Protein chains: 2
Amino acid sequence: MAVSEQGLTFSPEIEARLEKAARLCSEQGTTLTPLRREVLGLVLSSDQPIGAYALLDHLRRTRAGAAPPTVYRALDFLRERGFVHKVERLNAFVGCPSAADHVGHDHGHAVQFLICTRCGRVTETEDEAIIAAVAQAAERHGFRQMRATVEIEGLCRACAG
Amino acid sequence: MAVSEQGLTFSPEIEARLEKAARLCSEQGTTLTPLRREVLGLVLSSDQPIGAYALLDHLRRTRAGAAPPTVYRALDFLRERGFVHKVERLNAFVGCPSAADHVGHDHGHAVQFLICTRCGRVTETEDEAIIAAVAQAAERHGFRQMRATVEIEGLCRACAG
DNA sequence: CTCGCTCATGTTATAAGATAACATGTCCGG
DNA sequence: CCGGACATGTTATCTTATAACATGAGCGAG
Ligand SMILES: [Zn+2]
Ligand SMILES: [Zn+2]
Ligand SMILES: [Zn+2]
Ligand SMILES: [Zn+2]
């Protein structure tokens with residue numbers, strides 16, 4: 001992405017997603033501020049999960065005063081709205097490919113990640129069979145499930161050869 | 001647990017599990033050293049997942065020189081042998097209730113945790129339906145799965161009331 | 001016996017991830 | 001003009017984890 005007076009500029013596809021996110025936010029009465037927009041753009045521009053401090057390094061190109069709370073607060077906002085997910089195994093963040101579909105309601109409780117340990121790429125899925133199996137297992141234990149973290153590690157098709 | 005000249009002493013049930021673990025180690029040609037034994041005992045004595053630095057605090061009662069690597073190395077050893085698992089959501093460690101069953105081969109790739117967000121207790125399960133659903137989802141994506149982290153959060157039977 | 005290897009641990013330092021607490025500034029309605 | 005809501009700035013600290021190098025016990029080859 002490029003640096004301009006207005007902050008970072010991203011690829012056309014990502015700019016389009018940012019526009020959409022901005023629209024969704026204003027429909028909810030919230031704001032995708034320039035800071036939040038930049039953080040989301042950076043996450044979406046990464047082809048791998050990106051850590052908070054890597055985001056911070058990028059942010060500092062345009063925002064001298066950026067500090068950890070700067071990026072964590074933006075990430076909190078974006079995660080609450082389902083634009084971004086955290087991959088627990090990696091302590092890193094990915095953009096949600098279907099953020100527009102579930103409009104502002106975080107589906108993070110029903111998502112699974114496929115993490116390639118070779119190329120580092122992460123694929124998001126929403127697998128009904130896994131969701132059902134998890135719900136049943138929880139029920140069988142008398143457990144009132146709120147959310148589930150499902151992160152599958154291995155080799156992606158390309159890397160498995 | 002009590003502190004003696006020999007290090008920490010645990011409850012009889014836990015001492016029995018430590019004995020068993022020691023036997024399993026020596027069958028594999030490894031050693032459950034006093035340090036590793038203490039760390040395992042501390043993990044088993046906790047009714048909740050315990051963090052590395054909490055373990056470290058306990059350890060220092062008997063080992064003045066204990067430092068982060070002391071506990072992380074012991075945990076690495078114990079995890080490799082399946083005596084201990086890490087709960088990723090909590091960055092904390094739990095004892096494996098079935099460590100003796102799978103003798104030295106870490107089943108951590110096929111385990112699920114039920115985490116109660118109220119009382120903090122964690123239950124380990126090995127649910128075939130979840131394992132199968134995860135394997136199928138991976139396969140459908142052309143993904144060669146190595147392991148899966150499945151951590152379910154909610155309220156346990158007691159806490160759900 | 002002693003050299004050199006392996007393994008376990010000690011020791012020091014730092015990296016990496018996350019949050020607490022308080023300050024500042026903008027916007028907007030009353 | 002005041003006061004509250006919200007976003008961000010700022011400083012400090014906390015938690016989690018690893019890197020890198022040092023020490024020392026135990027053991028087998030020669
Ligand atoms: Zn998503
Ligand atoms: Zn790959
Ligand atoms: Zn287990
Ligand atoms: Zn509970």
Side-chain angles (χ1 to χ4, degrees), chain A residues 6-8 21-22 25-26 28-40 42-43 46 48-81 83-94 120 149, chain B residues 7-8 21-22 25-26 28-40 42-43 46 48-60 62-81 83-94 120 149:
Chain A
Q6 302 297 318
L8 298 178
C25 283
S26 76
Q28 296 174 249
T30 61
T31 315
L32 189 71
T33 61
L35 171 63
R36 292 165 178 170
R37 184 188 163 100
E38 281 193 24
V39 171
L40 179 53
L42 288 168
V43 171
S46 174
Q48 294 183 12
I50 184 166
Y53 281 71
L55 287 170
L56 183 53
D57 288 343
H58 286 296
L59 264 191
R60 290 212 240 240
R61 290 198 229 160
T62 51
R63 298 177 175 267
T70 311
V71 61
Y72 279 105
R73 285 193 286 230
L75 286 171
D76 287 346
F77 175 92
L78 296 170
R79 290 173 68 192
E80 279 163 13
R81 279 149 194 84
F83 295 130
V84 163
H85 303 303
K86 180 177 182 182
V87 183
E88 296 290 340
R89 281 298 300 245
L90 307 177
N91 292 319
F93 303 86
V94 292
T149 300
Chain B
L8 299 178
C25 283
S26 75
Q28 296 174 247
T30 61
T31 313
L32 189 69
T33 61
L35 170 62
R36 292 164 177 170
R37 184 187 163 101
E38 281 193 24
V39 172
L40 179 53
L42 288 168
V43 171
S46 173
Q48 293 182 12
I50 185 167
Y53 282 73
L55 287 170
L56 182 54
D57 288 342
H58 285 297
L59 264 191
R60 290 212 240 240
T62 51
R63 297 176 175 267
T70 310
V71 61
Y72 279 104
R73 286 193 286 230
L75 286 170
D76 287 346
F77 175 91
L78 296 169
R79 291 172 68 192
E80 279 164 12
R81 278 145 195 87
F83 296 131
V84 163
H85 302 304
K86 180 177 182 183
V87 183
E88 297 289 340
R89 280 301 298 249
L90 307 177
N91 292 318
F93 304 86
V94 291
T149 300

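The structure displayed is predicted, hence computed values, not measured ones. Just so it is clear: chains get the letters A, B, ... in the order the sequence lines come, proteins before strands, and each one is counted from 1.
Atom CG of A:Leu55 and atom P of C:dA16 are 15 Å apart (whole Å). Regarding A:Asp76, its CG atom lies at a distance of 16 Å from the P atom of C:dG17, rounded to whole Å. Rounded to an integer number of Å, the gap from CD1 of A:Ile50 to C1' of C:dA16 is 14 Å. Atom CG in A:Leu32 sits roughly 17 Å away from atom P in D:dC6 (whole-Å rounding). Look at CD on B:Glu38: it is 15 Å from C1' on C:dA8, rounded to the nearest Å. B:Tyr72 places its OH atom 8 Å from the C1' atom of D:dT15, with the value rounded to the nearest Å. To the nearest angstrom, C1' of C:dA16 lies 15 Å from CG of A:Leu75. Between the CD atom of A:Glu88 and the P atom of C:dA18 there is a distance of 8 Å, rounded to whole Å.
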*At under 4.0 Å between heavy atoms, which parts of nucleotides 9-14 of chain C does protein reach? Answer with one letter per nucleotide, 5' to 3': B base, S sugar-phosphate only, - none.*
BBBB--

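When the salt bridge (Lys or Arg N to Asp or Glu O under 4.0 Å) test is applied to A:Arg63, the partners found at least two apart in sequence or on another chain are A:Glu38.
Put simply, B:Asn91 has a side-chain N or O that comes within less than 4.0 Å of OP1 or OP2 on D:dA17.
Taking every heavy atom of both residues into account, A:Ile50 and A:Ala54 meet most closely at CG1-CB, 3.7 Å. Across B:Gly51 and B:Ala92, no two heavy atoms sit closer than the pair N-CB, 4.0 Å. Closest of all the heavy-atom pairs between A:Leu78 and A:Arg36 is CD1-O, 3.9 Å. Of all heavy-atom pairs between B:Arg81 and B:Cys25, the closest is CD-SG, 4.3 Å.
Axis angle, first five pairs versus last five pairs of the helix from C:dC1-D:dG30 to C:dG30-D:dC1: 10°, rounded to 10°.
With hydrogens and angles ignored, the 3.5 Å screen pairs no side-chain donor or acceptor of A:Ser46 with any backbone N or O of A:Val43. A distance-only check finds no donor-acceptor pair linking the side chain of A:Arg37 to the backbone of A:Leu32 [under 3.5 Å].
Under a cutoff of 6.0 Å and an axis angle of 45°, B:Arg73 and B:Phe77 do not form a cation-pi pair.
Between B:Asn91 and B:Lys86 there is a side-chain heavy-atom pair separated by less than 4.5 Å.
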